[in-house]
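Each chain gets a letter, A, B and so on, in the order the sequences are listed, and its residues count up from 1. Worth knowing before you read on, the calculation uses all heavy atoms, side chains too, and leaves out hydrogens, waters and symmetry mates.
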There are 2 protein chains.
Amino acid sequence: MKISRTEDLRLDCQHCPVRHRAICAASDDEQFDRLNAIKFYKSVPAGQAVALRGERLDVVASIVSGVATLSKTTVDGRMQITGMLLPSDFIGRPGRDCCEHDITAVTDLTLCCFRRRQFEDLIERAPGIRKRLLDIAFDELDAARNWMLLLGCLTAREKIVSFLMLVVHRSVLPEDADQPVQIDLPLSREAMASYLGLTIETVSRQMSRLRKDGLIELETARHVIIPDTSRLLVELENAD
Amino acid sequence: MKISRTEDLRLDCQHCPVRHRAICAASDDEQFDRLNAIKFYKSVPAGQAVALRGERLDVVASIVSGVATLSKTTVDGRMQITGMLLPSDFIGRPGRDCCEHDITAVTDLTLCCFRRRQFEDLIERAPGIRKRLLDIAFDELDAARNWMLLLGCLTAREKIVSFLMLVVHRSVLPEDADQPVQIDLPLSREAMASYLGLTIETVSRQMSRLRKDGLIELETARHVIIPDTSRLLVELENAD
DNA sequence: GCGCTGCCTTGATCCATGTCAAGACGTTCC
DNA sequence: GGAACGTCTTGACATGGATCAAGGCAGCGC
């Protein structure tokens with residue numbers, strides 16, 4: 001079932017769900033055809049590593065569907081998730097053959113891959129893709145630095161609210177403003193804790209507090225209803 | 001005096017102290033001449049802003065001498081330094097006309113500037129510079145993510161040690177291994193605190209503890225002698 | 001010298017978040 | 001159904017680092 005869906009995608013970039021947001025978004029027809037010609041799909045089941053830190057990594061990829069995390073771990077096992085990768089996000093680094101992070105599939109993952117060498121050749125000749133890549137890199141850098149503000153300065157409650165709003169913004173939502181927003185959290189409590197520089201207990205407690213304060217409803221632990229986003233945003237009015 | 005030194009630099013990239021590490025490092029003779037032709041120098045006195053968040057920024061630049069910080073501030077005044085910029089580091093973002101961070105001169109600063117438009121045109125035609133820029137962006141991204149591990153997972157003591165080792169690595173040192181290493185801290189206690197996600201008191205206390213433990217000597221608050229780097233590194237053996 | 005200023009250090013106390021422990025809830029497998 | 005497992009929640013307690021407060025010290029102007 002999953003495979004047949006992957007096969008569908010192989011046949012047709014035009015219907016690819018991330019066609020207009022991924023690395024290929026800015027390519028003209030010719031560049032697009034070239035990308036199309038060298039791409040191949042890969043599935044990674046939930047929980048499995050896409051790549052490990054220090055490992056050789058000869059592909060770059062876009063996420064077509066699913067969620068992955070970037071993380072680093074200390075020798076004694078403390079882990080920090082340094083990025084949450086959602087559909088259209090880019091994996092890998094042209095010009096570098098070894099992986100700086102652990103990349104882990106959080107859900108089943110479909111990747112649109114390119115051999116790194118071929119991709120490197122291509123960007124030399126495709127100014128659209130090249131520019132897009134530079135823009136992606138700088139956007140990621142801005143995001144990482146914004147996350148540094150979160151990790152260094154915000155309280156546990158503010159961190160949780162920031163995370164919820166991040167998920168809201170990355171969700172494809174019916175833009176009926178003022179409607180209650182419903183989101184599915186892409187990460188477990190444990191992964192949220194690691195992403196936010198907290199413990200799992202603190203995450204759980206703060207979620208409960210937000211619920212008791214009427215700012216969110218928890219249909220299940222992972223499915224959150226936000227009756228009024230603006231009321232949630234008040235929690236961040238001093239932060240950022 | 002400062003101005004005459006700046007004037008010297010204007011006349012001669014060949015003797016520029018960051019010639020082989022900055023954005024111009026990978027350029028061939030022709031590209032180098034083009035960069036040379038459009039560059040101009042700018043001095044910023046210590047304490048002054050180079051650019052403010054949200055402000056229009058029509059130049060990109062390399063730091064020739066001095067130290068600057070990138071920072072973000074919350075509405076209620078909590079600040080996180082997201083980057084420390086030393087000589088050869090790059091400022092600005094091609095393809096984006098507004099500044100995402102506050103950039104502040106920590107010491108007197110000499111910048112080698114390019115008008116952004118001219119620079120953008122140039123990188124389209126200069127593959128060496130273009131590649132170098134992409135590499136710089138990805139290196140900065142790796143550094144930012146490593147700093148996220150520090151902010152999210154490390155103890156105050158580990159943070160201080162990490163910072164000291166960062167300064168050691170960025171200092172141009174006589175590589176007589178096993179010699180006591182001497183460093184001048186580029187940041188005040190306050191700036192260190194903000195960079196490490198701590199308070200100034202905690203920074204001060206941890207520095208004192210490291211001194212009492214014989215791992216560092218403080219000739220002045222800013223001048224640190226590390227009798228044995230390997231002994232300091234033991235403090236990090238569980239971290240990263 | 002002397003007072004002022006900015007920066008740093010130190011001490012006493014507090015509190016947000018971590019740690020430890022127990023139990024609740026949902027899912028799967030038999 | 002119910003046992004077993006993973007995930008999440010909640011409570012009691014501990015603590016690392018924040019906060020509040022005082023004082024030290026070097027540089028500078030007069």
Side-chain angles (χ1 to χ4, degrees), chain A residues 45-47 67 69 74 76-80 106-107 150-164 184-213 216-224 235 238-239, chain B residues 45-47 67 69 74 76-80 106-107 150-164 184-213 216-224 235 238-239:
Chain A
V67 182
T69 55
T74 62
D76 61 351
R78 288 170 284 174
M79 178 176 81
Q80 177 67 39
V106 169
T107 64
L150 175 144
L151 290 173
C153 295
L154 300 201
T155 64
R157 171 178 264 235
E158 289 169 335
K159 286 175 174 181
I160 298 285
V161 173
S162 296
F163 177 75
L164 293 175
D184 281 299
L185 300 183
L187 303 184
S188 68
R189 295 289 185 268
E190 188 176 8
M192 282 175 64
S194 169
Y195 194 25
L196 298 169
L198 299 170
T199 57
I200 182 174
E201 293 95 334
T202 299
V203 170
S204 188
R205 269 188 264 269
Q206 293 296 337
M207 292 288 288
S208 297
R209 267 197 58 202
L210 290 173
R211 177 170 49 71
K212 280 171 196 152
D213 294 348
I216 63 174
E217 291 160 30
L218 290 171
E219 203 160 87
T220 69
R222 293 286 197 102
H223 189 81
V224 179
E235 296 295 318
N238 287 324
Chain B
V67 182
T69 56
T74 62
D76 61 352
R78 287 169 284 174
M79 179 177 79
Q80 177 68 39
V106 168
T107 65
L150 175 144
L151 290 172
C153 295
L154 300 202
T155 64
R157 171 177 265 234
E158 289 168 336
K159 286 176 175 181
I160 298 286
V161 173
S162 296
F163 177 75
L164 293 175
D184 281 299
L185 300 183
L187 302 183
S188 68
R189 294 290 186 268
E190 188 176 7
M192 282 175 65
S194 169
Y195 194 23
L196 298 170
L198 299 170
T199 58
I200 182 174
E201 294 93 333
T202 300
V203 171
S204 189
R205 269 188 263 270
Q206 294 295 338
M207 291 290 288
S208 297
R209 266 196 60 202
L210 289 174
R211 178 170 48 70
K212 280 171 196 149
D213 293 348
I216 62 174
E217 292 160 30
L218 291 170
E219 202 160 89
T220 69
R222 292 287 197 103
H223 189 80
V224 180
E235 295 296 317
N238 287 325

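- A:Thr107 places a side-chain N or O within 3.5 Å of a backbone atom of A:Val67 that can act as its donor or acceptor partner.
- When the C1' atom of C:dC8 is taken as reference, atom CD of B:Gln206 falls 15 Å away, rounded to whole Å.
- OP1 and OP2 of D:dG27 both lie 4.0 Å or more from every side-chain N or O belonging to B:Arg222.
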Could you pull out all donor-acceptor pairs under 3.5 Å where a side-chain atom in residues 196-203 of chain B meets a protein atom, sequence neighbours excluded?
residue	atom	partner	partner atom	Å
B:Thr199	OG1	B:Thr202	N	3.4
B:Thr199	OG1	B:Thr202	OG1	3.1

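- For B:Leu218 and C:dT9, the CG to P distance is 7 Å, given to the nearest whole Å.
- The residue A:Arg209 sits apart from the nucleic acid: no heavy atom pair falls under 4.0 Å.
- When heavy atoms are screened at a 4.0 angstrom cut-off, A:Thr220 is found touching no nucleic acid atom at all.
- Rounding to whole angstrom units, CZ of residue A:Arg211 and P of D:dT9 are separated by 8 Å.
- In terms of heavy atoms, A:Tyr195 sits closest to A:Gln80 at O-NE2, 3.2 Å.
- Taking atom CZ on A:Arg189 and atom P on D:dT10, their separation rounds to 10 Å, with Å as the unit.
- The CD1-P distance, from A:Ile160 to C:dT17, rounds to 10 Å in whole Å.
- Look at CG on B:Leu150: it is 12 Å from P on D:dG17, rounded to the nearest Å.
- The NE2 atom of B:His223 sits 17 Å away from the C1' atom of C:dC8 (whole-angstrom rounding).
- Under the 3.5 Å distance criterion, the side-chain polar atoms of B:Glu217 are left unmatched by any main-chain donor or acceptor of B:Arg211.
- No side-chain heavy atom of B:Ser194 sits under 4.5 Å from any side-chain heavy atom of B:Arg78.
- Using a 4.0 Å heavy-atom criterion, one finds that A:Ser204 contacts the bases of the nucleic acid, with or without backbone contacts as well.
- Between A:Lys159 atom NZ and C:dT17 atom P there is a gap of 8 Å when expressed in whole angstrom units.
- Using a 4.0 Å cut-off, some side-chain N or O of A:Ser208 falls inside it from OP1 or OP2 of D:dT10.
- Between the axis at the start and the axis at the end of the helix from C:dG1-D:dC30 to C:dC30-D:dG1 there is an angle of 30°, using five pairs per end and rounding to 10 degrees.
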Treat primed atoms plus P, OP1 and OP2 as sugar-phosphate and everything else as base, then score nucleotides 18-24 of chain C 5' to 3': B for base contact with protein heavy atoms under 4.0 Å, S for sugar-phosphate contact only, - for none. SBB----
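- Between A:Phe163 and A:Leu187 the shortest side-chain heavy-atom distance falls below 4.5 Å.
- Counting only heavy atoms from C-beta outward, the side chains of B:Leu218 and B:Arg222 never approach each other to under 4.5 Å.
- Counting only distance, with no hydrogens or angles, the side chain of A:Glu235 and the backbone of A:Glu158 share no donor-acceptor pair below 3.5 Å.
- Under a 3.5 Å cut-off, the side chain of B:Arg189 and the backbone N or O of B:Ala221 do form a donor-acceptor pair.
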